[in-house]
Chemist: 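Please find one structure pasted underneath; my questions will follow.
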Amino acid sequence: MMAAAMCVGAVVAGVSATSSGFTELDSHANIGVVGKDVTVYEDTGRTVDVSNFMDSSPSVCGKKIVNAIMAHDDPYSGETIMCIAPGVMQVDEMNHNLLPPFLLREAGLDVRDVPMQHCHEPTAENHSIFDSTTQTRIRLSLRGVFSGFQTRALTKEEIDNVSNYRCIWLTPEGEWDPNDASFAEKERAYLDEDGDMKMYSPCELRNSTASDILADISQVCASDHVYQPCVPVDDYELFVSNVLAPEWEKTTQATSPSLVGEHIPRLPFADIASVELVLDDGDVYHESLTSIDLAVSDDDCLSEALQANLQNNAFKRSLGVSSVENYDDELFENLGEAIAEAGFAISSLKAGNGRGVKAAHLAKVWQISPQDAERTIKQTTQLNNQSTNSTLSRQFGTNDRMLRYNRLHSIFFTDTMKVTERATSTRGYKYIQLFVSDTGFIYVFFMEEQKDYIHALKAFSKEVGAPDTLVCDPHPTQTKKEVRQYCNQIGTTLKILEARTQWADRAELFIGLIKEAVRKDLRRTNAPLVLWDYAMQRRALISNATAKSNFKLQGETPYSRTLGNLPDISNLVWDFYEWCYYRDDESFPYPREVLGRVLGPAKNEGNEMAQYVLTIHGNVVPRRSLRRLTAAELAQSNESEARKR
């Protein structure tokens, strides 16, 4: 649930005064709002609370956040333009749409919302919205004093052939937080203490060295002294040519006989045989380059083309369009990089190898000495590098998992275990994905099907952390593209063992150990076999909290050795399948204390002290209020208690 504050009065007033299908520019709103005359292609599952300018008026709760698309028919050219608006609020009672100009500008659009009659020297570029990526201009008109443009929902034919239309993005991708304090901070940063514009040097406004331009074009993490292409030149040239197909089409049109004598734009790739770069420390090196290595007409052209291709493909998949452009996976593997789902750059396969901020820049912005800056660079990480000097034609990538997730400086092994069909657990689990560190820390994830491995990997990285290295066997579910991409996003190096060398996987050993421990628990307590998943979940917690005699542990527990803090065993004081009385809110005259069996600590249910309890009806419920049976209640001579059991 996120909160937004917008002028509800303007919305209500607009319903009666504005015709259907009109998209207004409304600076009072701080989130995009769409009415009923749009096509919703995805429900994000998020909701928003809406309040108005009067504190005494009630707020509207639970309005859905959707990804929408609308069609704009250009009244001058007759062309139909698809306007995509992800992350907007839907109000079915409205006939029109509201878009804040600030939000349009955040999406990379040039918004000139001043009417021509108020311009000192009006031109055709005034009172319009311009998308530099697609070279599309939408003319604005006035409805009363509101600027906007006519839109409508898509027809079925347009949905089926959406790839044939020109598309522009009205709102940025990712979750939109209108209350983000960074907007105000960025605005204040432009002025000095006297209210005058700060003076920036050219290198602060834009990259000024050839080495920085090279890195911004491809976002390839290279060393300070060597720039080496990761793939054959022919393969890389073919890939970039496919991505930049619109640029090549412009070039082809410009060189046709019908345009002889007119201005011919420069070719996308400059024929430069070599480059000489001067590094920050004064060293000079000479590197041979092919025409594909350096720049296109704009140094961000390749990056923007990759972003546009990723956005368009994601949008087409949401609509179910089959004509989605897919480039050769082997090319990306040879590059050693993968395009992140929400990112716009090519990221390094191994975390921590990025160029990042240099000591000189850190000393300047932190106001510390160069010596302290050098030491700081060596003692800190920069797992998510973003070029702050490039053109903001698109939003930066939303992937920050490598920063949010706990970093595990150890090697983890993983393997899958299957349970016989006859012993499918009460929760429907038949597979177990086990993760184990080199110090014996265990994490288990239960699955209904083996293809759910990606969910196990995501749960492990969120609950435990992102390890430096993950070792697995070459099973297809553990090595598919989606898994490689996710490991790249969290900054984990995926190492795949050679076929038929399963003994090299440490997870194989621990699968055998935890199997035997669960068998003993089930046999000792005479518990039903279908409760094996509760026994295994409890046994993994016990193993992590046990200080074993192991040289790698140095007297610590696997939990503290891996996560850095002491484990708490307050909720592990019950035996598996032990009798208990738990408190239940049964209606009178049923007793409040009910007999049950303890199955182990509850996960993500109740509080941290809650235990899974098997009831007399065969159901498993989480309960935090429970007690052991007394000696008198457990005595064989106590027939009334014995009959209950």
Side-chain angles (χ1 to χ4, degrees), residues 417-432 434 442-448 463 511 513-546 559 567-645:
M417 179 176 67
K418 183 179 180 182
V419 181
T420 179
E421 291 284 347
R422 293 177 297 175
T424 301
S425 76
T426 55
R427 292 182 284 186
Y429 298 132
K430 293 184 286 187
Y431 293 90
I432 306 101
L434 185 138
I442 298 174
Y443 176 84
V444 292
F445 185 86
F446 304 111
M447 305 181 294
E448 296 180 2
E463 296 178 20
I511 282 179
L513 294 175
I514 201 167
K515 275 183 179 179
E516 188 59 29
V518 171
R519 285 194 182 103
K520 288 182 179 179
D521 285 341
L522 295 176
R523 184 170 59 250
R524 175 176 57 85
T525 59
N526 199 27
L529 294 180
V530 292
L531 298 176
W532 60 264
D533 52 341
Y534 294 100
M536 183 173 292
Q537 183 174 316
R538 173 180 173 272
R539 184 52 59 181
L541 295 175
I542 292 175
S543 177
N544 293 336
T546 303
Y559 185 95
D568 191 278
I569 59 174
S570 302
N571 57 357
L572 284 171
V573 296
W574 290 86
D575 193 7
F576 180 72
Y577 210 61
E578 182 179 355
W579 286 108
C580 74
Y581 272 108
Y582 66 94
R583 184 176 179 84
D584 208 355
D585 294 329
E586 290 286 349
S587 302
F588 181 81
Y590 290 100
R592 288 191 178 275
E593 286 193 356
V594 184
L595 193 65
R597 294 269 197 174
V598 178
L599 302 181
K603 182 178 180 181
N604 299 330
E605 294 186 72
N607 65 6
E608 293 297 324
M609 294 299 294
Q611 302 282 326
Y612 285 123
V613 177
L614 179 65
T615 68
I616 58 177
H617 303 294
N619 301 322
V620 177
V621 294
R623 291 292 183 268
R624 71 180 186 279
S625 301
L626 60 165
R627 68 169 179 87
R628 288 186 172 87
L629 272 65
T630 64
E633 291 169 337
L634 288 172
Q636 295 182 355
S637 58
N638 193 334
E639 296 183 1
S640 61
E641 289 293 331
R643 282 196 298 270
K644 292 180 183 179
R645 298 196 297 269

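The basis for the numbers below is simple: all heavy atoms, side chains too, and nothing from hydrogens, waters or symmetry mates.
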Chemist: List the steps and the verdict of side-chain contact (heavy atoms from CB on, under 4.5 Å) for Leu614 and Tyr577.
Modeler: CA-CA 8 Å; Leu614 179 65; Tyr577 210 61; 3.9 Å; yes
Chemist: Between Thr615 and Val621, is any pair of side-chain heavy atoms under 4.5 Å apart?
Modeler: yes
Chemist: Taking atom CD1 as the centre, does Ile542 end up with more than 12 heavy-atom neighbours from other residues, nucleotides or ligands that are less than 6.0 angstrom away?
Modeler: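 More than 12 within 6.0 Å, yes.
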Chemist: Heavy atoms, side chains only, cut-off 4.5 Å: are Arg539 and Met536 in contact?
Modeler: no
Chemist: What's the separation between atom CZ in Phe576 and atom CG in Leu531, rounded to the nearest 0.5 Å?
Modeler: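 The CZ atom of Phe576 sits 5.5 Å away from the CG atom of Leu531.
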Chemist: Ignoring hydrogens, what is the shortest heavy-atom contact between Ile569 and Ala545? Give both atom names and the distance.
Modeler: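 Nearest pair, atom of Ile569 first, then Ala545: CG2-CB, 3.8 Å.
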Chemist: Counting only heavy atoms from other residues, nucleotides and ligands, does the tally under 6.0 Å from CZ of Arg422 exceed 12?
Modeler: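 No, CZ of Arg422 has 12 or fewer neighbouring heavy atoms, counting only those of other groups under 6.0 Å.
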Chemist: Given Glu578, which of Arg627, Arg628, Arg524 fulfils the salt bridge (charged side-chain N to carboxylate O under 4.0 Å, His left out) condition?
Modeler: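 Result for salt bridge (charged side-chain N to carboxylate O under 4.0 Å, His left out) with Glu578: Arg628.
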Chemist: In Å and rounded to the nearest 0.5 Å, what is the CG to CD distance from Asp584 to Glu593?
Modeler: 11.0 Å
Chemist: Among Trp532, Tyr431, Phe446, find the residue that satisfies the side-chain contact (heavy atoms from CB on, under 4.5 Å) test when tested with Val419.
Modeler: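 Exactly one option meets the side-chain contact (heavy atoms from CB on, under 4.5 Å) with Val419, and it is Trp532.
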Chemist: Is the backbone N or O of Glu633 less than 3.5 Å from a side-chain atom of Thr630, with the two atoms forming a donor-acceptor pair by type?
Modeler: yes
Chemist: Closest heavy-atom contact between Leu522 and Pro528?
Modeler: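 Looking at all heavy atoms of both residues, the shortest contact is CD2-O, 3.9 Å.
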Chemist: Is the CG atom of Leu572 crowded by more than 12 outside heavy atoms at less than 6.0 Å?
Modeler: yes
Chemist: Supply the atom-to-atom distance Tyr581 OH to Leu595 CG, rounded to the nearest 0.5 angstrom.
Modeler: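 Atom-to-atom, Tyr581:OH and Leu595:CG are 5.0 Å apart.
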Chemist: Could you pull out the closest heavy-atom pair between Cys580 and Leu626, with the gap in Å?
Modeler: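 Taking every non-hydrogen atom into account, SG-CD1, 3.9 Å.
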Chemist: Could you tell me which non-hydrogen atom of Pro622 sits nearest to which non-hydrogen atom of Glu605, and how far apart they are?
Modeler: CG-OE1, 3.6 Å
Chemist: Out of the candidates Arg623, Arg597, Arg538, Lys603, only one should pair with Tyr612 under the side-chain contact (heavy atoms from CB on, under 4.5 Å) rule; please name it.
Modeler: Lys603
Chemist: Can you name the nearest heavy-atom pair linking Met447 to Ile432, along with the distance?
Modeler: CE-C, 4.3 Å
Chemist: With a 4.5 Å heavy-atom cut-off, do Met417 and Leu434 have their side chains touching?
Modeler: no
Chemist: What pair of heavy atoms forms the shortest contact from Pro601 to Asn571, and how long is it?
Modeler: CG-O, 3.3 Å
Chemist: Got a second to check how far Leu599's CG is from Asp533's CG, nearest 0.5 Å?
Modeler: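 If we round to the nearest 0.5 Å, Leu599:CG and Asp533:CG are 9.0 Å apart.
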Chemist: Hey, could you give me the CG/CG distance between Leu541 and Asp568, rounded to the nearest 0.5 Å?
Modeler: 11.5 Å
Chemist: What is the distance from atom OH of Tyr443 to atom CD of Glu463, rounded to the nearest 0.5 Å?
Modeler: 3.5 Å
Chemist: A side-chain contact here means heavy atoms from C-beta on lying under 4.5 Å apart; do Glu448 and Tyr429 qualify?
Modeler: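 Of all side-chain heavy-atom pairs linking Tyr429 with Glu448, at least one is under 4.5 Å.
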Chemist: Quick check: does any side chain N or O of Gln537 sit under 3.5 Å from a backbone N or O of Val444, one acting as donor and the other as acceptor?
Modeler: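 Side chain of Gln537 to backbone of Val444: no pair is present.
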